[in-house]
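The structure under discussion appears below in the form of structure tokens.
Because only heavy atoms are used, hydrogens play no part in the values below, and waters and symmetry mates are left out as well, while side chains stay in. Every value quoted in this text rests on a predicted model; they were computed, and no experiment measured them.
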Amino acid sequence: MSLETDILMERRRTRRSALLWKVVAALAVTALAAVLVARPMEDLDGLEAAALFDGEHIARVRVEGLIVEDRWRDKMLKDLKDDDTVKAVIVHVNSPGGTVVGGEDLYRLLRDVAAQKPVTTVLGSVAASAGYMTAIGGERIFAREGTLTGSIGVLFQSTEVTGLLEKVGVKAELVKSAELKAQPNPIEPFNEQARAAIKGVVMDMFDMFTDMVAERRGMDRDKVLALADGRIYTGRQALANGLIDAIGGEDAAIAWLESEKDVAADLPIKDKKPKYPRPDYLERVLGSFGKALVSERLTLDGLVSVWQPDL
């Protein structure tokens with residue numbers, strides 16, 4: 001083989017190698033772009049966001065729909081507390097409530113965040129029950145005049161189908177270790193002893209809720225109890241009764257942060273969202289099917305603090 005032929009073949013190998021590396025680089029850039037599109041930067045939370053943004057800002061957190069336990073949401077709030085680039089947090093609440101534990105988690109986490117930086121809450125169309133429990137976790141509460149809030153209370157809901165079973169000729173049998181085990185349940189009558197026991201549990205959590213309100217709103221307990229008969233209030237009524245601090249929205253919250261907490265009003269506001277693991281397609285399909293068959297509110301377990309739980 002001649003020297004000229006060797007040189008030609010070497011040039012071809014060099015060109016092929018260069019082309020290969022260009023393809024690899026293009027694929028890497030495409031993959032990075034796909035990741036950023038699938039997961040926008042504003043969806044990043046806490047310390048991860050700080051590393052990417054590296055700029056001071058106000059965090060906006062939305063609490064919407066039924067409130068339940070959520071460890072990804074809890075992690076996001078814990079990260080916000082430790083993120084030095086977050087100078088304040090505005091929590092938008094638009095929720096009829098949810099489980100007591102869900103509301104308690106949010107309340108206590110917001111109090112933890114407020115120990116490090118200013119936290120204010122802005123109420124939307126509805127912020128009742130556990131939604132109001134969440135709201136009082138902030139240092140100042142804003143609401144619209146037409147906001148529905150309050151509904152301070154706790155309930156335990158169950159069903160009993162013994163009459164229906166008897167009509168269709170079905171007899172339920174139940175063996176248990178004690179009379180109050182698994183009470184209430186659908187296949188045996190709800191007796192007075194069980195009712196009293198459940199009432200005690202409900203009232204204990206009601207006391208916790210009203211204690212939170214009394215502490216955060218600076219009210220004596222008798223006044224809180226007078227307000228905590230389960231009713232809802234408009235934003236105007238809530239203001240008159242001391243359940244909120246002012247009528248307004250996010251602009252009013254920002255103005256308060258500037259005047260009372262020395263937070264610059266021109267800081268950018270960044271939405272913060274929990275970083276949930278991506279469900280697979282089967283889980284998404286089954287989840288959508290389940291929501292179509294069963295009201296989301298009927299899936300709540302345990303003690304509930306929610307406005308209109310039977311809808």
Side-chain angles (χ1 to χ4, degrees), residues 58-67 88-100 102-104 106-107 109-111 113-114 118-155 206 208-261 263 265 269 271-272 297 304-311:
I58 298 171
R60 181 193 290 125
V61 174
R62 300 186 186 277
V63 177
E64 299 176 324
L66 288 174
I67 294 171
V89 179
I90 299 176
V91 182
H92 285 258
V93 182
N94 191 11
S95 167
T99 65
V100 173
E104 181 188 358
L106 273 170
Y107 168 81
L109 283 166
L110 290 178
R111 296 308 306 141
V113 176
V119 177
T120 181
T121 49
V122 177
L123 311 188
S125 297
V126 181
S129 299
Y132 182 69
M133 184 185 291
T134 299
I136 60 177
E139 297 176 69
R140 191 166 180 85
I141 305 174
F142 296 87
R144 297 299 186 182
E145 292 185 350
T147 295
L148 295 181
T149 188
S151 188
I152 300 168
V154 178
L155 63 91
F206 176 71
M208 181 191 75
F209 196 169
T210 52
D211 285 345
M212 289 177 179
V213 177
E215 177 186 351
R216 295 299 306 140
R217 302 308 302 165
M219 296 181 184
D220 62 61
R221 186 166 178 78
D222 288 340
K223 182 175 181 181
V224 174
L225 291 176
L227 296 171
D229 59 3
R231 78 181 71 185
I232 58 171
Y233 301 92
T234 66
R236 287 156 50 102
Q237 292 172 327
L239 179 62
N241 284 301
L243 294 175
I244 67 170
D245 295 295
I247 298 296
E250 185 171 274
D251 289 345
I254 293 172
W256 177 80
L257 287 170
E258 181 180 36
S259 63
E260 299 298 326
K261 298 296 181 179
V263 176
I269 300 176
D271 286 302
K272 305 292 182 175
R297 299 188 184 195
V304 176
S305 182
V306 62
W307 183 51
Q308 295 186 340
D310 55 346
L311 289 181

Intermediate values then yes/no, side chain to side chain contact (heavy atoms under 4.5 Å, CB included), Val93 and Leu106: CA-CA 11 Å; Val93 182; Leu106 273 170; over 6 Å; no
Mind running side chain to side chain contact (heavy atoms under 4.5 Å, CB included) on Met208 and Val154 for me, showing each step along the way? CA-CA 10 Å; Met208 181 191 75; Val154 178; over 6 Å; no
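Arg111 places a side-chain N or O within donor-acceptor distance of the main-chain N or O of Gly137, the cut-off being under 3.5 Å. With Arg216 contributing its side chain and Gly138 its backbone, the two residues share a donor-acceptor pair below 3.5 Å. Checking side-chain atoms of Arg217 against main-chain N and O of Gly242 turns up a donor-acceptor pair under 3.5 Å. Panel note: side chain Ser95, backbone Gly65; a donor-acceptor pair is recorded below 3.5 Å. Listed for the Ser151 side chain is no donor-acceptor partner under 3.5 Å among the backbone atoms of Arg231.
Taking CZ of Arg221 as the start and CG of Asp211 as the end, the distance is 4.5 Å to the nearest 0.5 Å. Remark: Leu257 CG to Glu250 CD distance equals 9.5 Å, nearest 0.5 Å. Note: Leu243 CG to Ile141 CD1 = 8.0 Å, rounded to the nearest 0.5 Å. Atoms OH and CG, on Tyr132 and Leu148 in that order, are 14.5 Å from each other to the nearest 0.5 Å. To the nearest 0.5 angstrom, Ile90 atom CD1 is 10.0 Å from Trp256 atom CH2.
Between Gly98 and Leu66, the shortest heavy-atom distance links the atoms CA-CD2, 4.5 Å. Leu239 approaches Ala246 most closely through the heavy-atom pair CD1-N, 3.9 Å. The minimum heavy-atom distance linking Leu123 with Ala135 is given by the pair CD2-CB, 3.5 Å. For the pair Thr149 and Ala238, the tightest heavy-atom approach, listed with the atom from each and the gap, is CG2-CB, 3.6 Å. Contact between Met133 and Val100 at its shortest, heavy atoms only, is SD-O, 4.2 Å. Nearest heavy atoms, Tyr233 versus Leu227: OH-O, 2.8 Å.
Sorted by first and then second residue, the pairs that involve residues 133-144 and meet side-chain hydrogen bond (donor to acceptor under 3.5 Å, both in side chains), not counting sequence neighbours, are Glu139-Lys261.
Other residues, nucleotides and ligands contribute at most 12 non-hydrogen atoms within 6.0 Å of the CZ atom of Arg236.
Inter-residue side-chain proximity for Thr99 and Ile67 is flagged as unmet; no heavy-atom pair is nearer than 4.5 Å. The shortest distance between side-chain heavy atoms of Thr147 and Phe142 does not fall below 4.5 Å.
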